[in-house]
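Input: a single structure, listed below in structure tokens.
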Amino acid sequence: MKKRFLVAVLTAAAFMLFFACSTGPDIQSAPASSEISGEESSLPADEGREEEASRQSASEEAVFANEESYAFVTAITPRADGQADITFDYAEWLSGEEARTAYREDNPDAAEQEMEDAGIFESGYIRNTDSKRCTYPTGDGTEYRLPGPDNIAENIPVGREEFQDRMTAALHNEESFDTFVYVRVEDGVIVSVEWLYRP
């Protein structure tokens with residue numbers, strides 16, 4: 001009698017334990033640490049912000065460029081506002097021993113007579129080994145200087161339209177020195193551009 005009672009009690013306890021385990025609350029596994037910290041989702045966003053910041057920095061450098069250089073004008077693109085975008089191919093204009101040294105480096109087989117014929121001793125040496133080209137807009141305050149009608153060696157101030165017309169015509173000539181200038185840029189805008197005479 002006692003044995004049957006004990007068996008019944010144990011059976012009931014086992015049934016209750018099984019019922020409690022099968023119907024208890026569903027416990028989900030904890031997310032990985034990367035999911036908690038959000039590292040996986042934040043990495044692409046961080047990289048995107050860095051890339052955007054890099055583009056913005058490069059844009060600001062282009063907009064606020066300040067430089068001056070000898071250069072060849074390679075293109076003039078009129079704009080709707082009457083101004084123009086001018087593209088420059090930067091170059092060096094060397095003189096004296098610096099010009100001779102550079103000429104020998106670029107023309108190692110050249111004789112002394114060839115240097116004299118090239119005008120290195122009198123006019124210097126225009127060296128254009130850098131392919132760098134920059135395009136800047138003109139502005140209302142841009143100053144333009146081109147050769148006067150009576151003396152090619154003397155530059156005179158000219159207006160924007162005259163400069164664009166004469167320089168555009170020069171671009172169609174085979175003689176590239178017609179487009180040789182000295183340009184100054186401030187805050188990304190052309191301050192002055194002056195044609196340079198080479199004897």
Side-chain angles (χ1 to χ4, degrees), residues 49-103 105-107 118-199:
R49 285 193 292 270
E50 291 176 0
E51 184 177 351
E52 178 63 27
S54 176
R55 286 198 300 266
Q56 182 176 355
S57 176
S59 175
E60 290 176 353
E61 288 179 3
V63 171
F64 298 106
N66 293 276
E67 53 192 5
E68 51 187 276
S69 176
Y70 298 107
F72 292 97
V73 175
T74 61
I76 297 179
T77 306
R79 300 202 329 238
D81 61 359
Q83 301 293 343
D85 293 325
I86 304 179
T87 301
F88 301 95
D89 181 8
Y90 286 179
E92 298 176 278
W93 192 4
L94 309 175
S95 61
E97 190 57 38
E98 189 177 20
R100 298 184 183 92
T101 300
Y103 188 85
E105 290 176 354
D106 297 341
N107 305 274
I120 302 301
F121 302 112
E122 297 178 359
S123 305
Y125 177 44
I126 295 179
R127 194 181 204 184
N128 188 16
T129 57
D130 187 354
S131 60
K132 176 183 179 182
R133 296 192 177 191
C134 297
T135 300
Y136 296 108
T138 60
D140 291 336
T142 301
E143 298 178 357
Y144 310 88
R145 296 183 69 87
L146 289 175
D150 301 323
N151 186 357
I152 191 174
E154 182 181 354
N155 286 344
I156 61 173
V158 297
R160 180 180 62 213
E161 291 185 4
E162 180 178 351
F163 177 86
Q164 293 184 19
D165 291 344
R166 291 176 61 180
M167 190 58 68
T168 299
L171 286 170
H172 296 287
N173 294 337
E174 295 182 1
E175 181 55 76
S176 62
F177 291 116
D178 288 343
T179 66
F180 191 51
V181 300
Y182 189 77
V183 58
R184 290 195 306 116
V185 177
E186 293 182 3
D187 295 335
V189 178
I190 299 171
V191 174
S192 64
V193 54
E194 179 175 6
W195 183 83
L196 296 173
Y197 170 72
R198 289 187 74 241

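- From Arg100, atom CZ reaches atom OG of Ser95 across 9.0 Å, with rounding to the nearest 0.5 Å.
- Evaluation of the ring pair (Phe, Tyr, Trp, His ring centres under 6.0 Å) rule for Tyr103 yields Tyr125 as partners, not counting sequence neighbours.
- The minimum heavy-atom distance between Gln164 and Gly82, with the atom names listed, is NE2-O, 3.9 Å.
- Here salt bridge (charged side-chain N to carboxylate O under 4.0 Å, His left out) pairs that include residues 137-147, with residues two or more places apart or in two chains, are Arg145-Glu194.
- Thr101 meets the side chain to side chain contact (heavy atoms under 4.5 Å, CB included) test with Glu97, Glu105; sequence neighbours excluded.
- A pairwise comparison of heavy atoms in Thr142 and Gly139 identifies OG1-N, 2.7 Å as the closest pair.
- To the nearest 0.5 Å, atoms CD (Glu67) and CZ (Phe88) are separated by 10.0 Å.
- One finds the CD1 atom of Ile86 at 4.0 Å from the CD1 atom of Ile190 (value rounded to the nearest 0.5 Å).
- Proximity of Thr138 to Tyr144: side-chain heavy atoms (C-beta onward) are separated by under 4.5 Å at one or more points.
- Nearest heavy-atom pair, Asp178 versus Met167, reported as atom, atom and distance to 0.1 Å: O-SD, 4.0 Å.
- Pairing each heavy atom of Thr179 with each of Trp195, the nearest pair is N-NE1, 4.3 Å.
- Shortest non-hydrogen contact noted between Leu171 and Ala75 is CD1-CA, 4.1 Å.
- The OH atom of Tyr197 lies 6.5 Å from the CD1 atom of Ile152; values are rounded to the nearest 0.5 Å.
- Contact check for Arg166 versus Pro147: side-chain heavy atoms found under the 4.5 Å cut-off.
- Contact detail for Gly188 and Tyr136: the closest heavy-atom pair is O-CD2, 3.7 Å.
- Considering CG of Asp89 and OG of Ser131, their distance stands at 8.0 Å, rounded to 0.5 Å.
- Here the side chain of Asp85 pairs no donor or acceptor atom with the backbone of Thr135 at under 3.5 angstrom.
- Between the side chain of Asp187 and the backbone N or O of Val189, no donor-acceptor pair lies under 3.5 Å.
- Side-chain contact between Trp93 and Leu196: present, with at least one pair of heavy atoms (C-beta onward) separated by less than 4.5 Å.
- Evaluation of the side chain to side chain contact (heavy atoms under 4.5 Å, CB included) rule for Asn151 yields Ala153, Glu154 as partners, not counting sequence neighbours.
- Evaluation of the ring pair (Phe, Tyr, Trp, His ring centres under 6.0 Å) rule for Tyr182 yields Tyr70 as partners, not counting sequence neighbours.
- Under the side chain to side chain contact (heavy atoms under 4.5 Å, CB included) criterion, Val191 pairs with Arg184, Glu186, not counting sequence neighbours.
- Put simply, CG on Asp106 and CZ on Arg127 are 4.0 Å apart, with the number rounded to the nearest 0.5 Å.
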